[in-house]
Amino acid sequence: WVAAIHGLYRIDGASGRAERHSVAGASALVLDAGGDLWIGTPNGLRRKPRDSDAIQPVWPQFPLPADGSCCDVVAMAMAADGAIWLSVRHGNVWRYDSASGDAIPVPTSPWIDGMLAEVGIPRLMVDRSNLLWLGGYARGVSTTPADGTPFRAVFDMDPLRDPLTGNFIRAIFEGDRGEYWLGTLGGLRRYEPLRDHFEAFDGAFASVPGREGRVVTPIVNAIARGADGALWLATHLGLYRFDPETAEGGGCEAQLCAM
């Protein structure tokens, strides 16, 4: 399933054909254990049951304001108990109970310890331990148990790196060794929670055809792992393949695979 501004598509993996299921725009998707598809749209949350092509509006249950201030869902993640975390553009993060239909907003304050500091969170991810990761625009990532608060902020404070671009989070990916890979406005980062340590891999993208050997910093928008363990990075410069093993050895290589 693919969410796009022009509609919702289903791609057949065998034939490669794409079929449009809805002309309404979508920006985020999660698939639950029962096979139901949950769809984040500019007008709230929708649900497509596994055995039906009908797409049902489920949230919000109150009338939308005329000024469009609610409820443009930009990110979603599903907790182990089936609850769905939603992030609304320029608004709160919400916890939606898929069983009862109740939704609770998460309060925000940059001044109170343990509270979420930002609104309009662009990325959400629930890891294998059921920890919720929230990628912000300026304050790095925050984490919280997926069943509630408090929130803990994780911020790259290395003085040798730009704190603005490096803490604007565009993608979050959980590795196999307890590490987390972060796509940022300032390139690729690896975060190791046990050491509370960030590592940047900007030098991995030094050789890009057509850019006269200049060091470029791709904006990493999405991360996925290949069967060989390599990371595939969707960036504003195209698709990259990144080898974490080589990077850990002190040198790293990134190959521009498609533009």
Side-chain angles (χ1 to χ4, degrees), residues 1-5 8 25-33 36-47 58-60 70-98 102-110 114-156 167-175 179-185 188-189 191 193 219-225 233-234:
W1 291 96
V2 177
I5 59 173
L8 177 67
S27 54
L29 303 171
V30 293
L31 191 67
D32 68 20
D36 289 355
L37 183 68
W38 298 83
I39 307 161
T41 79
N43 297 310
L45 181 64
R46 304 289 186 265
R47 172 177 170 263
V58 295
W59 179 83
C70 181
C71 298
D72 185 356
V73 178
V74 296
M76 298 167 59
M78 179 164 284
D81 63 357
I84 300 174
W85 291 92
L86 313 170
S87 180
V88 174
R89 189 184 308 276
H90 307 307
N92 290 73
V93 171
W94 294 68
R95 187 180 188 274
Y96 175 82
D97 188 321
S98 56
D102 296 332
I104 301 173
V106 175
T108 59
S109 172
M115 290 186 66
L116 185 62
E118 291 186 75
V119 298
I121 297 292
R123 290 295 180 270
L124 299 173
M125 188 271 287
V126 174
D127 69 14
R128 288 186 285 269
S129 69
N130 206 34
L131 193 69
L132 175 67
W133 292 71
L134 307 93
Y137 284 104
R139 297 175 180 267
V141 292
S142 298
T143 64
T144 185
D147 54 359
T149 57
F151 289 85
R152 172 179 175 266
V154 180
F155 193 81
D156 185 359
N167 288 289
F168 188 132
I169 307 299
R170 303 284 300 175
I172 308 171
F173 181 82
E174 183 180 9
E179 83 282 13
Y180 293 83
W181 296 90
L182 306 175
T184 79
L185 209 62
L188 183 66
R189 301 285 188 271
Y191 175 65
I219 299 171
V220 180
N221 296 309
I223 305 171
R225 186 183 295 280
L233 313 177

Report the distance from atom CG of Asp102 to atom CG of Asp97, rounding to the nearest 0.5 Å. 6.0 Å
To the nearest 0.5 angstrom, please state how far the CE atom of Met125 sits from the CD1 atom of Ile169. 11.0 Å
For Glu174 and Arg128, which heavy atoms make the closest approach, and how far apart are they? OE1-N, 2.9 Å
Give a yes or no answer on whether the side chain of Thr108 reaches the backbone of Val119 with a donor-acceptor pair at less than 3.5 Å. no
Less than 4.5 Å apart, side chain to side chain, heavy atoms only: is that true for Arg46 and Leu8? no
If you take all heavy atoms of Leu124 and Ala75, which pair is closest and at what distance? CD1-O, 3.7 Å
Asn221 side-chain N/O to Arg170 backbone N/O, donor-acceptor pair under 3.5 Å: no
Which distance, rounded to the nearest 0.5 Å, do you find between the CD1 of Ile172 and the OG1 of Thr184? 11.5 Å
With heavy-atom distances below 4.5 Å as the criterion, would you say the side chains of Leu131 and Pro145 are in contact? yes
Distance in Å, Met78 CE paired with Ser98 OG, rounded so as to fall on 0.5 Å steps: 5.5 Å
Mind checking whether Arg89 and Ser27 have side chains closer than 4.5 Å, heavy atoms only? no
For Ala224 versus Phe173, what's the shortest heavy-atom pair and its separation? CA-CE1, 4.2 Å
Under the side chain to side chain donor-acceptor pair (under 3.5 Å) test, which residues partner Asp127, sequence neighbours left out? Ser129, Trp133, Tyr180
What distance separates Thr143 OG1 from Leu134 CG, expressed to the nearest 0.5 Å? 8.5 Å
Just by distance, do the side chain of Ser142 and the backbone of Leu116 share a donor-acceptor pair under 3.5 Å? no
Heavy-atom donor-acceptor pair, Asn130 side chain to Ala80 backbone, under 3.5 Å: yes
Mind checking what makes side chain to side chain donor-acceptor pair (under 3.5 Å) contact with Trp38, not counting sequence neighbours? Asp32
Distance in Å, Leu37 CG paired with Trp1 CH2, rounded so as to fall on 0.5 Å steps: 6.0 Å
Is there side-chain contact between Leu86 and Trp59, with at least one heavy-atom pair below 4.5 Å? yes
Between Val73, Leu29, Val58, which is the residue that forms a side-chain contact (heavy atoms from CB on, under 4.5 Å) with Ile39? Leu29
Considering non-hydrogen atoms only, spot the tightest contact between Gly135 and Pro122 and give its length. O-CD, 2.8 Å
Could you tell me which non-hydrogen atom of Gly136 sits nearest to which non-hydrogen atom of Glu118, and how far apart they are? CA-OE2, 3.3 Å
How far apart are the closest heavy atoms of Pro42 and Gly25, and which atoms are they? CD-O, 3.5 Å
Hey, are the side chains of Val106 and Trp85 touching, using non-hydrogen atoms and a 4.5 Å cut-off? yes
Check whether any side-chain heavy atom of Val220 sits under 4.5 Å from a side-chain heavy atom of Trp181, and report yes or no. no
Listed by chain and number, what are the side chain to side chain donor-acceptor pair (under 3.5 Å) partners of Arg123, not counting sequence neighbours? none
For Asn167 and Ala138, indicate whether the former's side chain and the latter's backbone hold a donor-acceptor pair under 3.5 Å. no
Around Ile104, counting heavy atoms of other residues, nucleotides and ligands shown, do more than 12 lie under 6.0 Å from its CD1? no
